[in-house]
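Presented below is the structure to which this report refers.
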There are 2 protein chains.
Amino acid sequence: MTKIKESSTYNANREIVLQECPVTYVMNKIGGHWKPIILYHLLSGSKRYSEIKRAMPHISEKMLIQHLKQLENDNLLTREAKPVVPPYVTYTLTESGKELDSVIKAMSMWAFKDMKRNRVEEPVC
Amino acid sequence: MTKIKESSTYNANREIVLQECPVTYVMNKIGGHWKPIILYHLLSGSKRYSEIKRAMPHISEKMLIQHLKQLENDNLLTREAKPVVPPYVTYTLTESGKELDSVIKAMSMWAFKDMKRNRVEEPVC
DNA sequence: CAGCATCCGCAAGGATACTG
DNA sequence: CAGTATCCTTGCGGATGCTG
């Protein structure tokens with residue numbers, strides 16, 4: 001998307017109205033196919049890199065690392081590397097990240113209801 | 001992503017465990033940057049095409065139409081075209097779509113909290 | 001084990017012009 | 001007004017090989 005700093009529209013009285021949008025804020029942080037799934041797995045507790053990878057067999061290593069970094073930069077999780085051989089790296093949700101459980105849980109509940117309504121199977125991660 | 005029908009991992013007892021994931025189900029329906037934002041705008045009631053467009057100045061027409069179609073195919077909204085000139089088309093959430101308000105509201109609430117925590121402005125749609 | 005570097009194909013998405 | 005159609009670019013994301 002072309003980066004636009006400001007954007008405007010008009011209300012019925014032809015006054016300029018900035019369209020503010022909390023959902024856009026969320027999508028900028030956890031948008032994309034994989035991020036909510038990563039968060040979903042970390043909600044049950046800190047996990048090692050290999051554990052997350054095993055839990056998400058469909059994601060490539062490149063994408064997993066990339067998204068973990070972005071989530072770290074956005075302060076949703078922290079990365080802790082123990083200085084041992086072989087490496088031992090764990091990822092843990094921050095307070096911000098943990099609070100996303102309300103979003104993830106709402107997603108899960110809706111999913112179960114909708115899958116039942118449409119009589120479909122739950123997909124693999 | 002390469003399409004893989006089945007995928008497996010193992011638990012501590014070396015039993016095969018399928019990783020099922022409700023979040024993946026949700027992301028398959030409302031993943032991508034724009035869909036949750038479209039839903040957000042429709043939660044306040046049915047809207048004409050032009051109203052949605054005006055509310056989302058950053059999305060291109062092509063993307064908007066494309067995502068509206070996909071949401072319609074996924075039974076999250078319905079499209080109703082009045083046979084008049086000029087055309088009058090309204091988009092309305094289905095029952096499934098309306099039930100996503102729990103997800104969208106959880107997103108919004110988290111956004112407000114996180115924006116306050118990080119002292120940032122609310123972005124434009 | 002937990003990554004990083006590089007190459008590269010392809011599809012998502014932008015820009016533009018046209019229409020019932 | 002509410003879209004289609006077409007072209008074209010960008011960058012997502014896969015594949016592969018290497019490393020502290």
Side-chain angles (χ1 to χ4, degrees), chain A residues 1-5 7 9-10 12 24 27-38 41-42 46-73 77-92 124-125, chain B residues 1-5 7 9-10 24 27-38 41-42 46-74 77-92 124-125:
Chain A
M1 185 176 80
T2 314
K3 290 287 179 192
I4 304 175
K5 286 276 191 243
S7 155
T9 183
Y10 300 90
T24 297
M27 295 314 286
N28 286 339
K29 295 223 165 189
I30 64 165
H33 185 76
W34 297 111
K35 286 181 183 174
I37 302 175
I38 295 174
H41 286 298
L42 287 178
S46 303
K47 289 207 167 34
R48 293 186 62 172
Y49 173 79
S50 54
E51 290 181 288
I52 304 173
K53 193 165 171 295
R54 208 177 317 124
M56 300 175 61
H58 288 180
I59 194 175
S60 69
E61 285 198 356
K62 182 180 167 184
M63 287 299 102
L64 181 51
I65 290 288
Q66 192 177 104
H67 288 124
L68 284 170
K69 271 187 184 167
Q70 290 173 10
L71 290 169
E72 192 188 0
N73 287 337
L77 56 78
T78 56
R79 176 184 182 278
E80 191 178 5
K82 291 189 184 174
V84 295
V85 178
Y88 192 99
V89 180
T90 55
Y91 292 91
T92 308
V124 174
C125 282
Chain B
M1 185 176 81
T2 314
K3 290 287 179 192
I4 303 175
K5 286 277 190 241
S7 154
T9 183
Y10 300 88
T24 297
M27 296 313 287
N28 286 339
K29 295 223 166 190
I30 64 167
H33 185 75
W34 297 112
K35 286 181 184 173
I37 303 174
I38 295 174
H41 287 297
L42 287 177
S46 302
K47 289 207 167 34
R48 294 186 62 172
Y49 172 79
S50 54
E51 290 182 287
I52 304 173
K53 193 164 172 293
R54 208 176 319 124
M56 300 174 62
H58 288 181
I59 194 175
S60 68
E61 287 199 354
K62 183 180 165 183
M63 286 300 102
L64 182 51
I65 290 289
Q66 192 176 107
H67 288 123
L68 284 170
K69 271 186 185 168
Q70 289 173 11
L71 290 169
E72 192 189 359
N73 287 337
D74 280 338
L77 56 79
T78 55
R79 176 184 182 278
E80 190 178 4
K82 290 189 185 174
V84 296
V85 178
Y88 192 99
V89 179
T90 56
Y91 292 90
T92 308
V124 174
C125 283

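So you know, we letter chains A, B, ... as the sequences are listed, proteins then strands, and number each from 1. Reckoned from all heavy atoms, side chains included, excluding hydrogens, waters and symmetry mates.
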For this session: Nearest whole angstrom, please: distance from the P of D:dT19 to the CD1 of A:Ile65.
Result: 18 Å
Exercise. Can you check the A:Tyr49 OH to C:dC1 P distance for me, whole Å?
Worked result: 11 Å
Exercise. Does C:dA2 have OP1 or OP2 sitting under 4.0 Å from an N or O in the side chain of A:Arg79?
Worked result: no
Exercise. For the residue pair B:Ile37 and B:Met56, what are the closest heavy atoms and their distance?
Worked result: CG2-CE, 3.7 Å
Seminar exercise, completed: Closest to the 5' end of DNA chain C, once A:Pro86 and A:Lys69 are matched to their nearest nucleotides, is A:Pro86
Exercise. So which nucleotide from C:dG20, C:dG3, D:dG14 ends up closest to the side chain of B:Pro87?
Worked result: C:dG20
Exercise. Closer than 4.0 Å, any side-chain N/O of A:Arg48 to the OP1 or OP2 of C:dC1?
Worked result: no
For this session: Using a 4.5 Å cut-off on heavy atoms from C-beta on, say whether the side chain of B:Ile30 contacts that of B:Ile38.
Result: no
Exercise. Can you tell if the side chain of A:Cys125 reaches within under 4.5 Å of the side chain of A:His41, non-hydrogen atoms only?
Worked result: yes
Problem set entry | pair B:Gln70-B:His67: side-chain heavy atoms closer than 4.5 Å | yes
Exercise. CG of A:Leu64 versus P of C:dA2: gap in Å, rounded?
Worked result: 11 Å
For this session: Could you tell me the separation between the CG atom of A:Leu68 and the C1' atom of D:dG13, rounded to a whole number of Å?
Result: 16 Å
For this session: Would you please confirm or rule out a distance under 4.0 Å between OP1 or OP2 of D:dG20 and any side-chain N or O of A:Tyr88?
Result: no
For this session: Taking only the side-chain nitrogens and oxygens of A:Ser50, find out if one of them lies under 4.0 Å from OP1 or OP2 of C:dC1.
Result: no
Problem set entry | Rounded interatomic separation in angstrom, taking CD from B:Gln66 and C1' from D:dA2 | 16 Å
Problem set entry | d(NZ, A:Lys62; C1', C:dC4) in whole Å | 11 Å
For this session: Can you tell me the distance, in whole Å, between the CD atom of A:Glu80 and the C1' atom of C:dA2?
Result: 15 Å
Seminar exercise, completed: The reported gap from OH in A:Tyr91 to CD1 in A:Ile52 (rounded to nearest 0.5 angstrom) is 6.5 Å
Exercise. B:Trp34 has an atom CH2; how far is it from atom P of C:dA12, in whole Å?
Worked result: 16 Å
